[in-house]
Amino acid sequence: MPELPEVEVVRAGVEPAVTGARVTAVEVFEPRSLRRHDPLTGPFAPQLEGHRLLGAVRRGKFLWLPIDTGRALVIHLGMSGQVLLREPGSEADRQLRIRLHLEHPDHGELWLNFADQRIFGSMAIDRMQPTGDGLPGGYAGAGTGAWSGLIPDQVAHIARDLIDPDFGTDAALAALARRGSGIKRVLLDQTWVSGIGNIYADEALFAAGLHYEQPASSLSRTEGIRLLDAVRTVLMRALAEGGTSFDAQYVNVNGQSGYFSHSLAVYGRQGTACPRCGTLLVREQFMNRSSHLCPVCQRLH
DNA sequence: AATGTTTCCTGGGTGC
DNA sequence: TGCACCCAGGAAACAT
């Protein structure tokens, strides 16, 4: 269930460890974790072994590590993926799928473990293409290089996210007005605005006072702006929390320990009082997913 | 073209 | 205590 804030914590956590590090060995324990790797572009491990990683970049929930070959290691955590930095020789993590052996000029040897219970996540080597607008492909912290204006092929269709300084509000609002489906479906569409999953969608809709089935095109411009602001606020708040509990040595993004659940107002809180009006929160089925909302604060109109 | 549905996955939790 | 279920959902593939 990692969404943008959790992925950003991973990005920030791995950035110092991987930037400038050389990959000395790759172990793939679960080939299904390479589902998004296109074998036509060459085999996975040899494109890493002996090569240097240059940084850590994120757009929405996609994370990629540019390689000195001009390509990138693309990481998606899916539902249950974790990136864990470990001392060489340490005991294997549960559901360990892939392990990279790294050698950093300053920090020495390190293992980068990719663990993933449900195998919805993946690692892949991908080609890079220029961003259409010449702007950075994603958020890279302090890192910069020739790869800054590039984006992996499989991420090119993903929209910029709401904490990206180059996010285009006007274009997003215009697209919103053309969409007839329910607003939650649009929020979860990564080609409109990226980084939002089921949890923060529910949180943002609550903050904006909107029902998940409200047709996107029925929102006024003011409501659209309010919704985008709500999403941004929810993401930033989670990010601030994650930043404070972050351990630089072990990047742990899981549904349990590493998940920023303390600040959730409605998600998973059905049957408890709405923090705004006191009405009992409800949980409903929507798109084969669960939606959590206050039936009073979030009415269809 | 845009929208809706199915599929991939597994282990922790639940109920009998 | 054991065991068969059920459930979570990100995103692409597929169907309408």
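Letters A, B, ... are given to chains in the order of the sequence lines, protein chains preceding strands, and every chain is numbered from 1.
Listed candidates were C:dA11, C:dA12, B:dG11. Nearest to the side chain of A:Gln95 is B:dG11. Looking at the side chain of A:Tyr267, the nearest of the listed nucleotides B:dG11, C:dA11, C:dG9 is C:dG9. Ranking B:dG12, C:dG10, B:dT10 by closeness to the A:Arg94 side chain, first place goes to B:dG12.
Between A:His157 and A:Phe62, the two ring planes are perpendicular [angle over 60°; tilted spans 30° to 60°].
By the 4.5 Å heavy-atom criterion applied to side chains, A:Arg179 and A:Ser217 are not counted as neighbours.
Taking atom NE2 of A:His292 as the reference point, atom C1' of C:dC7 lies 12 Å away to the nearest angstrom. In this structure, A:Asp189 atom CG and C:dA13 atom C1' are separated by 15 Å, rounded to whole Å. Across the protein-nucleic acid pair, A:Ile196 atom CD1 and C:dG9 atom P stand 16 Å apart, rounded to whole Å. Spacing between atom CD of A:Glu203 and atom P of C:dG9 amounts to 13 Å, rounded to whole angstrom units. Following rounding to the nearest Å, A:Phe62 (CZ) and C:dG10 (P) show an atom-to-atom distance of 12 Å. When the P atom of B:dG11 is taken as reference, atom CG of A:Asp93 falls 15 Å away, rounded to whole Å. Distance A:Arg32 CZ to B:dT10 C1': 9 Å, rounded to the nearest Å. The CG-P distance, from A:Leu187 to C:dG10, rounds to 12 Å in whole Å.
Between A:His76 and the phosphate of C:dG10, there is no side-chain N or O to OP1/OP2 separation shorter than 4.0 Å. For A:His157, no side-chain nitrogen or oxygen approaches OP1 or OP2 of C:dA11 to under 4.0 Å. An OP1 or OP2 oxygen of B:dT10 is reached within less than 4.0 angstrom by no side-chain nitrogen or oxygen of A:Gln117. Within the structure, every side-chain polar atom (N or O) of A:Ser80 is placed at least 4.0 Å from both OP1 and OP2 of B:dG11. In this model, the phosphate group of B:dG12 is not approached by any side-chain N or O of A:Arg118 to a distance below 4.0 Å at OP1 or OP2.
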Under-3.5 Å N/O pairs linking protein and nucleotides 2-4 of chain B:
{"residue": "B:dT3", "atom": "OP1", "partner": "A:Gly180", "partner atom": "N", "Å": "3.0"}
{"residue": "B:dT3", "atom": "OP2", "partner": "A:Arg179", "partner atom": "NE", "Å": "3.2"}
{"residue": "B:dG4", "atom": "OP2", "partner": "A:Arg185", "partner atom": "NE", "Å": "3.0"}

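Closest non-hydrogen pair, A:Gly278 versus A:Ala273, comes out as O-CB, 3.6 Å. For A:Trp64 against A:Gly137, the heavy-atom pair with the smallest separation is CH2-O, 3.7 Å.
Salt bridge A:Asp38/A:Arg127: absent, no basic N to carboxylate O contact under 4.0 Å. A salt bridge is defined here as a Lys NZ or Arg NE, NH1 or NH2 lying under 4.0 Å from an Asp or Glu carboxylate O, and A:Arg221 with A:Asp170 meets this definition.
With hydrogens and angles ignored, a donor-acceptor pair under 3.5 angstrom links the side chain of A:Arg289 to the base of C:dG10.
Under the 3.5 Å distance criterion, the side-chain polar atoms of A:Glu103 are left unmatched by any main-chain donor or acceptor of A:Thr24. A:Arg35 places no side-chain N or O within 3.5 Å of a backbone atom of A:His37 that could act as its donor or acceptor partner.
The 5' end of DNA chain C is approached more closely, in terms of each residue's nearest nucleotide, by A:Phe120 than by the other of A:Phe120 and A:Thr191.
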